[in-house]
Novice: 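Here's a structure for you.
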Amino acid sequence: MASCGSDNPASEGSSVDDPSSGSAALSSGGHSHGGHHGSSSSSSVKAEPISAVGDSLIEDTTAVLSKNDLPACTPDKEGESFYVESEHVLYFCLEKEWFPSETVESLFKIGCHNGVLTLEAPGAEEEEEESSGQGQSNPWGFFNGGGSGTSALDTMPVRLPGAHIVGFAEKGPFRYGASVKIIELDSTQRLADSKKIHKTCITEAGGNFSFDSVDLVSPYLRVEANGYFHNELTGGLSSQMVTLKAVVDVTDRDTVNVNMLTHMEAPRVLKLVENSGNNQPIRAVKAQALKEILSSFEINLGGSSGGGNNGFPWGYGQQQQSTVTTDGRFAEDISLFDGDEYSAALLAVSIMMQRNGSGNDMLQYTSGIAERIKGNGNWDDNNAKADLADWLMVLDTSGSYATIRNNIASWKRGDVPDFEKHLRNFWTGIYQFGACNSMTAGTVKHVNNSLSKYFISYYEQPEGPRIRFICDAETHRWRAATDIEKDTVGFGKGDYDGQIKAGKINADKFYVYEQSKGKWRAATGDDIMEFEDIGNVYASLAPGEKVIFILRHAERTDDTGKKGHLTDNGKKQAKTVGEKLKGDAIVFANSTYTRSYETCENVASGAGVSPFVSDTIKDLDGEWYVKDESKYDSYKNSDGGGWVVASAYAYKGAYADAFYDFDKRSEEFLTGVVKPRFASVNRVGVWISHDMFVAPITAYCTDKKVNLRYFDTKSWINYLAGVAIIMGTDGKMRYVPVKGLSSGTMTM
């Protein structure tokens, strides 16, 4: 293979629209592959957007399914290349015809520059790219910048002639047009760069590269891949060119992969060698560095073994050490599609590093983490870990892991490894959830890591994020809990069939207990009736229908005795309700309490009723359902107040010795008190009573479908709420729960 004409990340900070598309004459030896690295549609890339990812989809329009899909080879495409997926072959446009790369290589050198392929006449000078380094910190220790100094290695004889070095360059797979460079490192000068540099280009879709025959003096190499890569998060190409690196010892290997693990471990490898006084070969610390990188991301693979072997062609004194390894695997052994645990780990870390994007932001983010690990082998930035955990959690709970998997599968490079488990292990580990297994199945937790933006102090905290997490009994994985899962935690078995409780997290949601199934379910409209606005019910009356609204009084003062008054706000509330009833002569009735009368008076004022007259009905005082006053008072004092006692009586039939039979007593009021008084109502009647009566009668009239179950849900009848009793022309009565204010209930 001809050498590559460029290698440094000159376009690392550039947009993908930057690669130029020259079209010089065939005889000039200056043809270039224009890239087509834009946003047009592609036959091979099908991806869905991920909301938590900032990068947009950048499709590669230089890949086609078959040779028949190649565009016309016109003069403006002269020198450009397209990849035919069905043949796994690059085709070049030359003299109005498409030729496979094998044919083209006999006439030209296939080079690469700024992420695109170029054709150069044999013997043409290689074009160097300028190193940009934009947006990156430098965690690389004692690299001196690619051969700018003098190294003893530069004058040494070749130790391994004709070496064959192959590998894969992967973030996702690097795209054809990427350059790969080998820089030999001088072990006599603290692994400084020498001037011995070897170059090639990637001309395959899978990111694989090959140095067919290179003469090496040193076994210690830095390998750099620079170009665009396939982006796991979008399914398309990266937004910018990037450079990934590996520091390796090729004493006993000819395969060197360049990936995110090699890139991140390199600073730590060099630091470990430096810490040894430069008396350890690189391979002696590689396994430790890899293990530390993986452990930083909650990934623990492999065991403990000795490293290296004795087949040295280099003539150097070798130092064998027993080190902690990862099944004898080094980072440069790992590839995305090997189908093992290490492939899954590599893919997981590669995805994590795109927390901030796929270009310079990614490299800066990665370098920052590598710099923290470099010193002591530990990523000790808990804030950054919590931020990454939050991002991974959002991707997981939004279903984006499946999208990422589909994106990777669409490249058809091989089976996609189980990267998801490592991403989940990371965010659940940072959240301190613990193991999810058969013993913890069904456990529901909140984020108690105070560095997370989803942190809450305790499970039922009313303000703050409402997301909770459950250990799934089937998959044994933590996932976002559904509303019913997080809202019914601790409910246990219901006390009776049809019991309703408000959600633990979503207090505005309600759940019903089905005794036959022994489980809670979400309440529906058939379980809980909503209160309708008085004005709407009034306006919807059919011709000939009459209505009596039985309502709780308006807001009162703290004086609960018979002479207690409304507050000023209560008077305003009553007038507002009256305004909804303008247009009819209203028949009023009140209890023997002053606040009941004042409510009628202000409703009349709002409705414009004058003169105001109100009948006093003692049965509206509130004790209608009470059979034994002393027992009722005793229960109120012992069980939490009148609201608890009255609601438990109405909905559960509790305290039977203190109250009358609920159904019979309710019917007595409707047939014996209400129905006869319809004769004196022209169209509208307003009766004002008290909560201890209005709540039970409203519950009865609605078949207990209004939620006034204070004993369970802390929900109680609001001021100026109650029930509309509507009589038709046939004398039959129907019932509608009504509200005069914005809500028919209050929660205390």
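We use all heavy atoms of the structure for the numbers below, so side chains are in, but hydrogens, waters and symmetry mates are not.
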Novice: Does D730 have more than 12 heavy atoms from other residues, nucleotides or ligands lying within 6.0 Å of its CG?
Specialist: yes
Novice: Can you label the angle between the Y496 ring and the F711 ring as parallel, tilted or perpendicular, going by 30° and 60°?
Specialist: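 The rings of Y496 and F711 sit tilted, inter-plane angle from 30° to 60°.
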Novice: Kindly indicate, with the supporting measurements, whether the criterion side chain to side chain contact (heavy atoms under 4.5 Å, CB included) is fulfilled by L670 and Y735.
Specialist: CA-CA 11 Å; L670 293 173; Y735 312 103; 3.5 Å; yes
Novice: When the ring centroid of Y655 is compared with that of Y635, is the distance short of 6.0 Å?
Specialist: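 Centroid separation for Y655 and Y635: below 6.0 Å.
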Novice: Which pair of heavy atoms, one from K704 and one from R709, lies closest together, and at what distance?
Specialist: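 Heavy-atom minimum between the residues: O-NH2, 3.4 Å.
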Novice: To check you understand the geometry: which heavy-atom pair defines the closest contact between S516 and D497, and what is its length?
Specialist: N-OD1, 4.5 Å
Novice: Is the shortest distance from a Lys or Arg side-chain nitrogen in E530 or K705 to a carboxylate oxygen in the other one below 4.0 Å?
Specialist: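 Salt bridge absent between E530 and K705.
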Novice: If we only count heavy atoms from C-beta on, is the Y719 to L551 side-chain gap below 4.5 Å?
Specialist: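 Contact flag for Y719/L551 side chains = no.
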Novice: Does atom CD (E474) have a neighbourhood of more than 12 heavy atoms from anything else shown, all under 6.0 Å?
Specialist: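 No, not enclosed.
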Novice: Yes or no on salt bridge (Lys or Arg N to Asp or Glu O under 4.0 Å) for E341 and K421, after CA distance, side-chain angles and deciding distance?
Specialist: CA-CA 11 Å; E341 289 291 323; K421 66 181 178 182; 2.8 Å; yes
Novice: Closest approach of K563 and D559, non-hydrogen atoms and distance?
Specialist: C-OD2, 4.2 Å
Novice: Check the orientation of W643 and Y710. Use parallel for under 30°, tilted for 30 to 60°, and perpendicular for over 60°.
Specialist: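 Judged by the thresholds at 30° and 60°, the geometry between W643 and Y710 is perpendicular.
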Novice: Output yes when a side-chain donor or acceptor of R552 lies under 3.5 Å from a complementary backbone atom of I717, and no otherwise.
Specialist: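 Flag set: sc R552 to bb I717 pair under 3.5 Å.
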Novice: How long is the gap from CG on N448 to OG on S457, to the nearest 0.5 Å?
Specialist: 10.0 Å
Novice: Could you verify whether a donor N or O on one side chain and an acceptor N or O on the other, from N569 and T567, lie under 3.5 Å apart?
Specialist: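 Short answer, no.
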Novice: Is a side-chain donor or acceptor of N718 paired with a backbone partner of A721 at a separation under 3.5 angstrom?
Specialist: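 No; judged by distance alone, with no hydrogens or angles, the pair does not exist.
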Novice: Output the distance between atom CG (L347) and atom CG (L423), rounded to the nearest 0.5 Å.
Specialist: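 Nearest 0.5 Å value for the CG-CG distance: 7.5 Å.
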Novice: Would D527 and Y511 count as having a side-chain donor-acceptor pair, cut-off 3.5 Å?
Specialist: no
Novice: Got a donor-acceptor contact below 3.5 angstrom from the E485 side chain to the A481 backbone?
Specialist: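 It does not hold such a pair.
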Novice: Quick check: are there more than 12 heavy atoms from other residues, nucleotides or ligands sitting under 6.0 Å from NZ of K519?
Specialist: no
Novice: Is there a side chain to side chain contact (heavy atoms under 4.5 Å, CB included) between H422 and E420? Walk through the geometry before answering.
Specialist: CA-CA 5 Å; H422 295 304; E420 295 95 337; over 6 Å; no
Novice: May I ask you to say whether R477 pairs ionically with D472, meaning some side-chain N is under 4.0 Å from a carboxylate O?
Specialist: no
Novice: Is there a donor-acceptor contact under 3.5 Å from the side chain of R556 to the main chain of G570?
Specialist: no
Novice: Assess, by modelled atom type and distance only, whether the side chains of Y651 and D712 contain a donor and an acceptor separated by less than 3.5 Å.
Specialist: no
Novice: Using side-chain heavy atoms (C-beta onward) and a distance below 4.5 Å, is Q499 in contact with V512?
Specialist: no
Novice: I'd like to know if K636 and D639 make a salt bridge, using a cut-off of under 4.0 Å between side-chain N and carboxylate O.
Specialist: no
Novice: Counting neighbours of NZ on K562 that are heavy atoms of other residues, nucleotides or ligands and sit closer than 6.0 Å, is the number greater than 12?
Specialist: yes
Novice: What is the minimum heavy-atom distance between Y649 and D661, and which atoms define it?
Specialist: OH-C, 3.9 Å
Novice: Salt bridge or not for K739 and D533, using N-O below 4.0 Å?
Specialist: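 D533 and K739: not salt-bridged.
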Novice: Answer yes or no: are there more than 12 heavy-atom neighbours, outside D415 itself, under 6.0 Å from its atom CG?
Specialist: no
Novice: Looking at Y401 and L392, would you say the former's side chain and the latter's main chain have a donor-acceptor pair under 3.5 Å?
Specialist: yes
Novice: Is a donor on one side and an acceptor on the other found under 3.5 Å between the side chain of T698 and the backbone of A695?
Specialist: no
Novice: Might you point out which heavy atoms bring N437 and C471 nearest each other, and give the distance in Å?
Specialist: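 Scanning both residues completely, I find the closest heavy atoms to be N-SG, 3.7 Å.
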Novice: Within a strict 4.5 Å, meaning less than it, do heavy atoms of the T745 and N707 side chains meet?
Specialist: no
Novice: Do N590 side-chain atoms and S596 backbone N/O form a donor-acceptor pair below 3.5 Å?
Specialist: no
Novice: Ring-plane angle category for W379 and F297, please: parallel below 30°, perpendicular beyond 60°, tilted otherwise.
Specialist: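 Ring orientation of W379 relative to F297: tilted.
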Novice: Flag the pair V674 / W687 as yes when at least one side-chain heavy-atom distance between them is below 4.5 Å, and no otherwise.
Specialist: yes
Novice: Once you measure the plane-to-plane angle for F612 and F588, does it fall in the parallel (<30°), tilted (30-60°) or perpendicular (>60°) bin?
Specialist: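 Answer is perpendicular, since the angle exceeds 60°.
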Novice: With S666, which of Y700, Y660, Y625 fulfils side chain to side chain donor-acceptor pair (under 3.5 Å)?
Specialist: Y625
Novice: D526 versus M529: any side-chain heavy-atom pair under 4.5 Å?
Specialist: no
Novice: Taking S398 for the side chain and L395 for the main chain, is one N or O donor matched with an acceptor at less than 3.5 Å?
Specialist: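 Yes.
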Novice: Please name the pair of heavy atoms, one in S591 and one in D621, separated by the smallest distance, quoted to 0.1 Å.
Specialist: CB-OD1, 3.1 Å
Novice: Given 3.5 Å as the limit, does a donor-acceptor pair link the side chain of E532 with the main chain of P737, or not?
Specialist: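 Here the side-chain-to-backbone pair does not exist.
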Novice: Please determine if K546 forms a cation-pi arrangement with F678, meaning its NZ or CZ atom is less than 6.0 Å from the six-membered ring centre and no more than 45° off the ring axis.
Specialist: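 No cation-pi geometry.
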Novice: Apply the test ring-ring contact (aromatic ring centres under 6.0 Å, His included) to residues W624 and F669: give CA-CA distance (whole Å), side-chain angles for both, the deciding distance (0.1 Å), then the verdict.
Specialist: CA-CA 8 Å; W624 175 260; F669 185 83; 5.3 Å; yes
Novice: Quick one: do F455 and Y431 satisfy ring-ring contact (aromatic ring centres under 6.0 Å, His included)? Show the steps, please.
Specialist: CA-CA 9 Å; F455 165 75; Y431 287 171; over 10 Å; no
Novice: Any salt bridge between K664 and E667, counting N to O under 4.0 Å?
Specialist: no
Novice: Output, in order, the C-alpha distance, side-chain angles, deciding distance and verdict of side chain to side chain contact (heavy atoms under 4.5 Å, CB included) for I470 and C436.
Specialist: CA-CA 9 Å; I470 188 169; C436 177; over 6 Å; no
Novice: Taking the basic N atoms (NZ, or NE/NH1/NH2) and the acidic carboxylate oxygens, is any pair closer than 4.0 Å for D396 and R479?
Specialist: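 Between R479 and D396 there is no salt bridge, as every charged N stays at least 4.0 Å from the carboxylate O atoms.
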Novice: Spell out, as yes or no, whether a donor-acceptor pair under 3.5 Å connects the side chain of Q354 to the backbone of I351.
Specialist: no
Novice: Checking ring pair (Phe, Tyr, Trp, His ring centres under 6.0 Å) between F469 and each of Y454, W478, Y459, F433, which is the one that passes?
Specialist: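 In the set Y454, W478, Y459, F433, the residue that makes a ring pair (Phe, Tyr, Trp, His ring centres under 6.0 Å) with F469 is F433.
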Novice: Could you tell me if K501 sits above the aromatic ring of F491, with its cationic atom closer than 6.0 Å to the ring centre and no more than 45 degrees from the axis?
Specialist: yes
Novice: Checking side chain to side chain contact (heavy atoms under 4.5 Å, CB included) for the pair Y538/V738: CA distance, chi angles, key distance, verdict?
Specialist: CA-CA 10 Å; Y538 168 62; V738 293; over 6 Å; no
Novice: If you count heavy atoms of other groups shown closer than 6.0 angstrom to NZ of K575, is the number above 12?
Specialist: no
Novice: Does the distance from a Lys or Arg side-chain N to an Asp or Glu carboxylate O, for K504 and D487, drop under 4.0 Å?
Specialist: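 Salt bridge: no.
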Novice: Show which side-chain atoms of residues 598-609 pair as donor or acceptor with protein atoms under 3.5 Å away, not counting sequence neighbours.
Specialist:
| unit_1 | atom_1 | unit_2 | atom_2 | d |
| --- | --- | --- | --- | --- |
| E598 | OE1 | L566 | N | 2.8 |
| E598 | OE2 | H565 | ND1 | 2.5 |
| T599 | OG1 | A554 | N | 3.2 |
| T599 | OG1 | R595 | O | 2.7 |
| N602 | ND2 | E598 | O | 2.8 |

